[in-house]
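The structure appears below as structure tokens.
Just the heavy atoms: all of them, side chains too, but no hydrogens, waters or symmetry mates, feed the values below.
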Amino acid sequence: MMEKLICALWASEGETRAAYGAYLVEHLPGALAATGAHGIRLNIRDARVEPATALVQQWQAPQQDAIVQFWLPSANARFRGAIDAVLAAHSGRFAAWLVAESTIITNSAYPPEAGRACAGWSQASFISFRADMDRADAIAHWHGHHTRVAIETQANFEYVQNIIVRPLTPDAPAYDAFVEECFSDAAMTDPHAFFDAVGNEAKFAQNLSAMMESCAGFIDFSRIDVIPTSQFDFAGRD
């Protein structure tokens, strides 16, 4: 059995996002693997996803510069010292959470190649539930209703839900979930491509309305960070 961690990374002061992302791709996966991490996935904010800047939604200031996801035999702090040291050495600061992963849509259309940027782009979303809802009710809406809507209204070729079990660092923002969805390059700038409605204005309007209504049913839009990223999957190196 393994436990999954998601970690938000911030670059050191004065380091550009582009330089930081390139550095992480080159150095972080190997360093994490050497200390026992498996199934490593890195999401960076590079030039490839600059066309999607208009899709950014921000709560944290400054916002995360990168995200790394991986699995450990135990996320217990007693056994995590070497991992935390690697993360600290490769960031200006970091925040980490223990999560429970649910893969809704597996990327079978464009299988990733270890160490290379995956096809299209990945929308990485840190989500907070509405404060006026019980956590159980928010999860019930997310899993029981919204999951279907997200599948039916979007042209996503990968869709992974992660519910946050608990924060692992004292300064971790109080999110409730992390969602990753992969789309075609066209979806960065064409909302019709994003909402699976190219050439069909009526379908676009219907899909957009259904998605926004469903999101409003459980998400606090004042406490989310939605980040377009390039996805690098290193799981094939395990």
Side-chain angles (χ1 to χ4, degrees), residues 4 6 21 24-25 29 38-57 64 66-71 99-127 142-163 177-215 218-219 224-238:
K4 184 180 179 182
I6 289 177
L24 290 177
V25 171
H38 299 273
I40 299 165
R41 174 175 287 188
L42 186 61
N43 299 79
I44 65 169
R45 305 176 72 171
D46 59 7
R48 291 181 65 247
V49 296
E50 285 183 1
T53 299
L55 301 178
V56 171
Q57 298 182 57
Q64 300 88 324
I67 302 149
V68 65
Q69 311 175 51
F70 55 89
W71 299 77
V99 304
E101 179 188 279
S102 177
T103 300
I104 306 302
I105 300 175
T106 300
N107 179 8
S108 57
Y110 309 101
E113 298 180 41
R116 298 176 64 88
C118 296
W121 61 286
S122 167
Q123 179 170 269
S125 303
F126 290 93
I127 293 171
W142 181 24
H143 289 176
H145 174 74
H146 182 77
T147 298
R148 175 188 58 79
V149 174
I151 294 169
E152 293 178 353
T153 65
Q154 299 179 119
N156 45 3
F157 61 84
E158 183 175 44
Y159 179 19
V160 182
Q161 299 174 344
N162 299 271
I163 189 156
F178 175 80
V179 175
E180 185 174 15
E181 296 175 279
C182 291
F183 296 88
S184 69
D185 287 337
M188 282 193 270
T189 55
D190 181 358
H192 293 75
F194 190 102
F195 285 103
D196 194 27
V198 174
N200 189 331
E201 197 65 35
K203 182 180 180 182
F204 169 69
Q206 180 179 356
N207 286 357
L208 175 62
S209 176
M211 173 56 77
M212 293 302 99
E213 181 180 352
S214 183
C215 286
F218 75 110
I219 293 174
I224 63 172
D225 284 283
V226 179
I227 305 169
T229 71
S230 290
Q231 181 199 93
F232 290 79
D233 201 305
F234 296 86
R237 294 185 179 179
D238 285 355

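- Here the rule is side chain to side chain donor-acceptor pair (under 3.5 Å) with E180, and of Q123, R41, Q161 only R41 fits it.
- Applying the 6.0 Å contact sphere to CD of E152 captures more than 12 heavy atoms from other residues, nucleotides or ligands.
- Between R48 and C118, the shortest heavy-atom contact is NH2-O, 3.6 Å.
- Rounded to the nearest 0.5 Å, atoms CG (D46) and CG (L24) are 11.0 Å apart.
- Atoms CD1 and CD1, on I67 and I227 in that order, are 4.5 Å from each other to the nearest 0.5 Å.
- E213 CD to L208 CG: the interatomic distance, rounded to the nearest 0.5 Å, is 11.5 Å.
- Between F157 and Y110, the ring planes lie perpendicular to each other; the angle is over 60°, past the 30° to 60° tilted range.
- Contact record, S214 with H145: OG-CD2, 3.3 Å, taken as the closest heavy-atom pair.
- Taking every heavy atom of both residues into account, W142 and N162 meet most closely at CH2-O, 4.0 Å.
- If you check the side chains of Q69 and E101, you find no donor sitting under 3.5 Å from an acceptor.
- One finds the NE2 atom of H38 at 11.0 Å from the CZ atom of F70 (value rounded to the nearest 0.5 Å).
- Using a 30° and 60° split on the angle between ring planes, F194 and F183 fall in the parallel class, below 30°.
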